[in-house]
Amino acid sequence: MKYEIKCSKCSRASPNILDFKCSCGSPLETHLHFNFEKKKVHKRNYSLWRYVSFFPYVKEKEIISLGEGWTPLVKFSDNAYFKLENLNPTGSFKDRGSTVLVSALHTLVKKAGAFISEDSSGNAGASMAAYAARAGLKARIYVPENVSGPKFNQIKFYGAEVVKVSGSRSKVAEEAQKTERGKFYVGHILHPLFRDGIRSLAYEIAEQLGWPIPERIYLPVSAGTLLLGVIKGFKHLIESNVIEAMPRIVACQTRQVSPLYHRFKNLSYTSPERITSIADALVSVNPPLLGFMVKHLREADGDAVLVEEDEIFNAFIELARKGFFVEPSSAVAYAAYKKQLKNKEASKDDKTVIILTGMGLKTILKPK
Ligand SMILES: Cc1ncc(COP(=O)(O)O)c(C=O)c1O
Ligand SMILES: [Zn+2]
């Protein structure tokens with residue numbers, strides 16, 4: 001057996017690839033029973049699918065690709081690199097999860113004459129809508145009422161049905177999960193294959209740096225798919241004896257939406273009544289995978305940082321003035337890096353990768 005999908009709590013195996021949670025209600029997790037081998041990388045494929053050998057539940061002829069992955073790793077200063085995930089086909093890192101999830105499922109969904117449903121603050125919805133379109137699948141995307149205009153338009157242009165839901169982010173998820181004839185819920189936050197697709201990002205960072213891994217990696221965290229996927233990828237490389245140690249993974253959050261930061265540092269957290277942060281993609285005040293994130297971040301000997309609104313805005317402007325136009329939510333990771341340098345919690349001598357997760361054209365901010 002090359003892989004298993006099992007419950008993270010009761011360990012029950014979940015043989016149906018369409019399942020998004022265990023019958024006990026807990027999240028599912030993929031377990032890999034094979035090694036990463038450099039010689040199995042398809043060197044002439046300049047997309048995520050150069051790693052097709054390491055996604056055994058996807059049949060090669062059923063891959064739905066828009067050319068995602070193998071994004072540039074650009075040197076920014078002596079030891080700091082940006083991983084340009086904003087350059088993915090729909091403008092965010094979510095395409096890694098979508099290509100893997102949709103490739104694995106589309107034939108089954110089509111055979112059942114069904115459609116997929118997803119809930120998202122914007123980027124994952126746009127991404128799933130695009131891959132559904134490429135696969136010829138019908139998609140219904142549930143979004144919060146205040147979804148950013150450019151993301152809403154993007155989802156609509158891909159041809160998905162969009163349902164706006166008022167209330168909290170959890171309410172949006174609840175609506176998307178409601179059972180309905182012909183509807184398969186494949187929400188990216190819970191579905192284990194979406195998260196699993198993100199592990200390709202760790203492989204790429206390691207390969208693009210020539211396998212010696214960086215000392216530190218900064219990434220923004222909301223629902224935790226990016227964090228968990230990246231940790232999983234590096235763990236797989238360690239277990240396969242391809243790299244020796246885990247880079248220090250730094251989870252970056254906004255003051256308003258920082259449940260992971262607080263739980264990780266054993267502090268209490270009260271979510272704001274209304275989220276007004278310019279980092280509008282980071283809205284999970286009560287993420288279903290929070291316990292999971294804390295466990296994996298601790299095991300990986302990672303760290304967590306919290307940044308203020310003015311720090312995010314300044315980082316966003318500074319990045320743009322240097323030619324990197326990304327979403328304010330992505331600037332959170334750069335703001336956290338700068339903060340740790342200033343506080344001497346990080347050093348300029350450490351080789352560092354900052355993941356720029358989403359493109360600037362998605363922002364609703366207007367220049368002065
Ligand atoms: C641009 C951007 N960056 C970071 C994140 C955080 O990713 P995750 O929800 O997997 O923690 C998101 C999630 O929506 C996003 O859209
Ligand atoms: Zn279970």
Side-chain angles (χ1 to χ4, degrees), residues 5-14 19-29 83-88 90-98 118-128 143-144 147-148 150-151 154-155 169 172-173 187-192 194-199 201 218-232 249 251-254 257-261 275 277-290 292-293 296-297 304 312 316 325-336 354-363:
I5 300 177
K6 288 202 291 194
C7 175
S8 56
K9 200 164 183 189
C10 74
S11 292
R12 195 175 308 158
S14 185
D19 287 344
F20 67 90
K21 61 179 177 190
C22 175
S23 49
C24 81
S26 303
L28 296 170
E29 207 177 1
K83 179 70 170 152
L84 301 188
E85 288 294 287
N86 54 320
L87 298 186
N88 273 303
T90 78
S92 83
F93 76 93
K94 309 272 183 178
D95 293 345
R96 295 181 184 275
S98 304
E118 150 81 315
D119 57 290
S120 156
S121 66
N123 278 330
S127 180
M128 289 288 268
V143 295
V147 59
S148 109
K151 291 176 189 170
Q154 192 183 4
I155 301 173
R169 180 65 186 77
V172 185
H188 71 285
I189 294 173
L190 289 177
H191 204 292
F194 186 95
R195 244 176 295 141
D196 201 48
I198 312 285
R199 83 181 135 84
L201 187 45
Y218 287 78
L219 44 83
V221 177
S222 180
T225 66
L226 177 62
L227 174 76
L228 290 166
V230 167
I231 291 178
K232 188 158 184 202
I249 310 271
C252 312
Q253 297 204 296
T254 67
V257 183
S258 44
L260 172 63
Y261 171 86
I275 302 165
S277 173
I278 56 167
D280 61 10
L282 312 179
V283 292
S284 297
V285 286
N286 190 15
L289 302 179
L290 181 58
F292 222 49
M293 286 191 253
H296 284 281
L297 192 60
I312 305 168
F316 164 75
F325 187 38
V326 298
E327 277 191 59
S329 301
S330 311
V332 165
Y334 182 54
I354 299 141
I355 300 178
L356 297 182
T357 49
M359 69 149 63
L361 292 174
K362 293 186 188 238
T363 183

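Quick note: numbers below take in every heavy atom, side chains included, and nothing from hydrogens, waters or symmetry partners. In each ligand, atom 1 is the first atom listed, and ligand 1 is the first ligand listed.
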Fill in: Contact with ligand 1 for Pro220, non-hydrogen, under 4.0 angstrom
yes
Discussion item. Suppose I only count heavy atoms of Leu282 and a 4.0 Å limit; which atoms of ligand 1 are within that range?
Written reply: 4 (C), 5 (C), 6 (C)
Fill in: Reported OG-to-NZ distance for the pair Ser330 and Lys362, which is rounded to 0.5 angstrom
9.5 Å
Item to complete: Nearest 0.5 Å please: distance from the CG atom of Leu226 over to the CE atom of Met293.
Response: 11.0 Å
Worksheet item: atom 16 (O) of ligand 1: which protein heavy atom is closest, and how many Å away?
Response: Asn123 ND2, 2.7 Å
Discussion item. Please check if the number of heavy atoms outside Lys6 that lie under 6.0 Å from its NZ is greater than 12.
Written reply: yes
Discussion item. For a quick check under 3.5 Å, do Asp280 and Ser148 share a side-chain donor-acceptor pair by atom type?
Written reply: no
Discussion item. Let me confirm one number: the NE2-NZ distance from His191 to Lys21, rounded to the nearest 0.5 Å.
Written reply: 12.5 Å
Worksheet item: Roughly how far apart are Leu28 CG and Lys9 NZ, rounded to 0.5 Å?
Response: 13.0 Å
Item to complete: Please say whether Ser330 places an N or O atom under 3.5 Å from an N or O atom belonging to ligand 1.
Response: no
Fill in: Polar proximity ligand 1 side, Gly224 side, N/O cut 3.5 Å exclusive
yes
Fill in: Side-chain heavy-atom pair Phe93, Ile355 within 4.5 angstrom cut-off
no
Fill in: Nearest non-hydrogen protein atom, atom 15 (C) of ligand 1
Ala281 CB, 3.5 Å
Worksheet, complete the sentence: So the atoms of ligand 1 within less than 4.0 Å of a heavy atom of Val221 turn out to be 11 (O)
Worksheet item: Taking distance alone, with no angle check, do Thr225 and ligand 1 share an N/O pair under 3.5 Å?
Response: yes
Worksheet item: Can you find an N/O atom of Gly358 closer than 3.5 Å to an N/O atom of ligand 1?
Response: no
Discussion item. Using side-chain heavy atoms (C-beta onward) and a distance below 4.5 Å, is Arg96 in contact with Ser127?
Written reply: no
Discussion item. What do you get for the angle at the Zn ion (ligand 2) between SG on Cys22 and SG on Cys10, to the nearest 10 degrees?
Written reply: 110°
Item to complete: Measure the distance from atom 7 (O) of ligand 1 to every protein heavy atom, then report the residue, atom name and distance (to 0.1 Å) of the closest one.
Response: Phe93 CZ, 3.4 Å
Worksheet item: What protein heavy atom is closest to atom 9 (O) of ligand 1, reported as residue, atom name and distance in Å?
Response: Ala223 N, 2.9 Å
Worksheet item: Say you draw a straight line from CG of Asn88 to CG of Asn123; how long is it, rounded to the nearest 0.5 Å?
Response: 10.5 Å
Worksheet item: Does Lys94 have a heavy atom less than 4.0 Å from any atom of ligand 1?
Response: yes
Worksheet entry | Residue and atom name of the nearest protein heavy atom (relative to atom 2 (C) of ligand 1), distance in Å to one decimal | Thr357 OG1, 3.4 Å
Worksheet item: Should you measure from each heavy atom of Glu327, which atoms of ligand 1 turn up under 4.0 Å away?
Response: 1 (C)
Discussion item. Under 4.0 Å from a heavy atom of Leu226: which atoms of ligand 1 are those, numbered in the order shown and with their elements?
Written reply: 10 (O)
Fill in: Heavy-atom closest contact (Met359 atom, Glu327 atom, distance)
O-CG, 3.2 Å
